[in-house]
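Heads up, the thing below is written out as structure tokens.
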Protein chains: 2
Amino acid sequence: MQDSDPPVVETRVPGAAFGGAPTIRDVARIANVSIGTASKALNAGGRLSQETREKVLRVAREIGYRPNDLAQSLHRAKSRTIGIISNDSFGRFTFPIVEALENRLAEEGIAVFMCNATDDPARERQHLDQLLGKRIDGLVVTARRADKRPPIGPLAHGLPVVYVFSQADDPAALSLLPDDVGGAVLAVGHLSALGRKRIAHITGPEHFEAVRLRRQGYRSALSRAGLAEVDGFYRPGVWSEAWGREVAAELFARREKPDAIFCGNDQIARGAADALREMGVAVPGDVAIVGFDNWDVMALATRPPLTSIDMNLKALGREAGDSLLEMIAGRKLSGVERRPCSLVVRASSVGGGGG
Amino acid sequence: MQDSDPPVVETRVPGAAFGGAPTIRDVARIANVSIGTASKALNAGGRLSQETREKVLRVAREIGYRPNDLAQSLHRAKSRTIGIISNDSFGRFTFPIVEALENRLAEEGIAVFMCNATDDPARERQHLDQLLGKRIDGLVVTARRADKRPPIGPLAHGLPVVYVFSQADDPAALSLLPDDVGGAVLAVGHLSALGRKRIAHITGPEHFEAVRLRRQGYRSALSRAGLAEVDGFYRPGVWSEAWGREVAAELFARREKPDAIFCGNDQIARGAADALREMGVAVPGDVAIVGFDNWDVMALATRPPLTSIDMNLKALGREAGDSLLEMIAGRKLSGVERRPCSLVVRASSVGGGGG
DNA sequence: GTGAAAGCGCTAACAA
DNA sequence: TTGTTAGCGCTTTCAC
């Protein structure tokens with residue numbers, strides 16, 4: 001059976017390319033037209049008799065023809081492909097960003113190469129080389145923390161690059177970041193609007209830019225509300241529940257206790273909430289708590305559920321996609337853009353007393 | 001200076017391809033050799049004078065030449081590219097898998113297209129079309145839960161596909177999964193080896209295959225240890241901390257209390273641990289607890305830290321990469337392969353009494 | 001309305 | 001040792 005069909009096989013022999021995927025040449029031959037005609041029919045262009053067009057399309061469908069995008073790319077000098085390099089090994093923060101970005105780009109028929117560099121410059125360089133070889137039309141760089149990093153490069157001049165949740169040390173680059181200061185102002189503003197006067201701030205390590213910015217927001221919101229910054233109420237440390245528990249316990253062993261805590265992330269907030277509950281302090285009755293990140297798995301599991309600041313990472317990712325598309329279309333974009341966070345109110349700041 | 005070099009510019013005019021990236025033609029022209037010679041030099045092949053080779057390489061380096069991988073692919077009929085379609089929007093479980101896979105493939109110089117289908121068959125189809133157009137050499141399909149799914153297709157015949165943390169309803173397909181039964185046996189075996197006799201199982205919804213398999217492991221480990229399955233000790237429900245708290249409280253209101261709990265995931269385990277601590281039951285003194293997933297953020301934050309079952313997702317991802325590479329090389333692989341889990345012991349099952 | 005051919009960037013077979 | 005050329009799959013211009 002198999003051996004009785006040499007002629008057909010023969011026509012595909014000098015190539016047998018790409019696992020035998022049919023080419024436009026196959027379509028043309030079977031439909032009995034020239035390659036040019038087949039191309040015109042498939043691309044819905046040029047003048048062509050209805051009959052021929054349909055014949056070609058039918059054949060194409062029947063043999064499962066699908067244009068080879070690599071060949072097309074070669075011709076149009078655009079790969080319709082972009083790369084994304086992450087140093088977060090695509091963790092909790094990068095995920096939503098990358099997902100939204102991929103969605104946006106998929107809408108335009110652009111495919112995304114995913115590369116994980118895990119903070120290793122050598123790996124990053126290697127990935128970049130590969131991507132440049134693949135002639136990506138653009139690049140997105142993302143990271144675990146939004147601190148400054150050396151810019152990507154040197155690379156094919158004019159390759160559009162967007163840094164998101166990551167900041168290049170290069171004024172000509174475009175960086176998209178959440179507005180940490182504004183997020184903190186939102187949190188503290190919410191608490192002061194609820195009548196809280198003694199607001200503490202438990203947060204992560206100060207070498208994170210986010211920690212410094214959120215503190216700045218904390219301070220400016222306090223002064224805007226006419227509140228004093230109590231000595232010992234600002235507590236940088238680590239991003240863990242244990243730290244939240246520890247500081248909360250300590251603050252409530254003081255004479256001057258806070259009536260609200262703004263936490264640098266949801267884990268700290270959860271730790272604080274746990275410690276307070278166990279000490280018999282009512283949340284939000286005695287103390288209101290606001291977290292940061294709005295990480296559902298933490299915020300919802302906390303008792304009571306956490307009011308938190310959402311960095312709107314999906315929106316950030318989508319905008320990164322928009323910006324990259326614009327840059328690919330030729331626009332020059334640069335600067336550090338900070339996008340607003342939002343406040344998600346739950347029971348840890350308002351509602352039935354609790355504890 | 002710049003304007004004094006018009007001829008060079010001119011040579012690149014009919015094309016200006018790919019953002020002006022230099023081509024091998026540019027290298028050849030500047031090095032004053034033929035294209036064929038340049039190619040030989042760059043590919044370290046054929047016989048060529050040392051001198052010429054070096055000259056070519058130097059020019060290539062100077063003008064920043066990087067071979068166009070699309071053109072190479074076209075020629076060699078391999079794209080050195082694979083696709084990965086996820087229905088987990090790359091969440092907690094898929095991510096370690098994808099990361100390890102990407103690492104493995106990067107070692108071979110293969111790039112990975114990332115596609116998120118989010119359980120929408122239309123989006124999946126669309127992504128698949130795009131990937132096939134890009135002539136990927138292979139495909140990996142991954143999902144949020146390891147339940148059976150309709151196989152991908154129809155697609156270019158012979159495209160290697162590996163399902164990981166996902167199972168195709170097709171005996172000819174290769175699926176790589178964690179061994180849930182074995183994981184449960186490990187957990188319950190650990191508890192019974194510690195002398196626990198009354199082991200309860202709080203877990204997620206029964207429509208998850210993982211729940212059914214883990215229960216099976218639970219039962220077989222009980223009987224292997226000569227322990228009875230106490231009525232009401234098997235508690236399917238939902239994957240939440242609240243469920244863990246609820247059931248734990250309930251079990252300890254009974255006359256016949258368990259002396260160990262094997263939980264279907266770490267969230268349930270954490271809920272149980274919290275409830276018990278608040279009831280004054282000592283963990284692991286009175287009750288030992290084992291979770292499942294070894295999700296660090298949960299397992300480590302629990303008081304006491306959770307003993308848990310690790311599905312070794314990174315190893316699974318790496319193996320998926322190995323398998324895909326083999327299939328690309330021509331081997332046919334199929335069947336449902338389950339890979340062992342491991343037990344990670346922490347203080348919730350052994351150690352200082354606690355509570 | 002249709003076909004022929006050049007060219008996208010590269011490799012490999014064959015000439016010189 | 002080096003150059004020439006065909007061809008990978010596709011689009012597009014230009015003849016017919």
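Chain A is the first sequence line, chain B the second, and so forth, proteins listed ahead of strands; every chain is numbered from 1.
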Task: dT2(C) OP1/OP2 closer than 4.0 Å to side-chain N/O of Ser49(A) - done: yes

Open item on the list: If I take atom CG in residue Asn32(A) and atom P in nucleotide dG1(C), what distance separates them, rounded to the nearest angstrom?
Closed with: 19 Å

TODO: Output yes when Glu337(A) and Arg339(A) qualify as a salt bridge under the 4.0 Å nitrogen-oxygen rule, no when they do not.
DONE: yes

Task: Between dT2(D) (P) and Gln50(B) (CD): distance, integer Å - done: 11 Å

Task: For atom CZ of Arg76(B) and atom C1' of dG7(D), their distance in whole Å - done: 16 Å

TODO: Give a yes-or-no answer on whether the side chains of Asp120(B) and Thr118(B) include a donor-acceptor pair shorter than 3.5 Å.
DONE: no

Open item on the list: Rounded to the nearest 0.5 Å, what separates atom NZ in Lys134(B) from atom CZ in Phe113(B)?
Closed with: 5.5 Å

TODO: Rounded off to whole Å, could you give me the CG-to-C1' distance for the Asp26(A) and dC8(D) pair?
DONE: 13 Å

Task: Atom pair distance, as rounded to whole Å: NZ in Lys134(A) and P in dG9(C) - done: 17 Å

- [ ] Quickly work out the Lys55(B) NZ to dT2(D) C1' distance and round it to whole Å.
- [x] 11 Å

Task: Carboxylate-amine/guanidinium proximity below 4.0 Å for Asp69(B) and Arg80(B) - done: no

- [ ] Measure from CD on Glu51(A) to C1' on dT2(C) and round the result to the nearest Å.
- [x] 13 Å

Task: Ion pair check, Glu124(B) and Arg149(B), cut-off under 4.0 Å - done: yes

Open item on the list: Base, sugar-phosphate or nothing for Ser73(B)? Non-hydrogen atoms, less than 4.0 Å.
Closed with: nothing

Task: Rounded interatomic separation in angstrom, taking CG from Leu74(B) and P from dG7(D) - done: 14 Å

Open item on the list: Return a single string for nucleotides 10-16 of chain D, one symbol per nucleotide in 5' to 3' order, where B is base contact, S is sugar-phosphate-only contact and - is none, cutoff 4.0 angstrom on heavy atoms.
Closed with: SBB----

TODO: Among residues two or more places apart or on two chains, list those pairs meeting salt bridge (charged side-chain N to carboxylate O under 4.0 Å, His left out) that have a residue in residues 100-118 of chain A.
DONE: Arg104(A)-Glu107(A), Arg104(A)-Glu108(A), Arg104(A)-Asp322(A), Glu107(A)-Arg318(A)

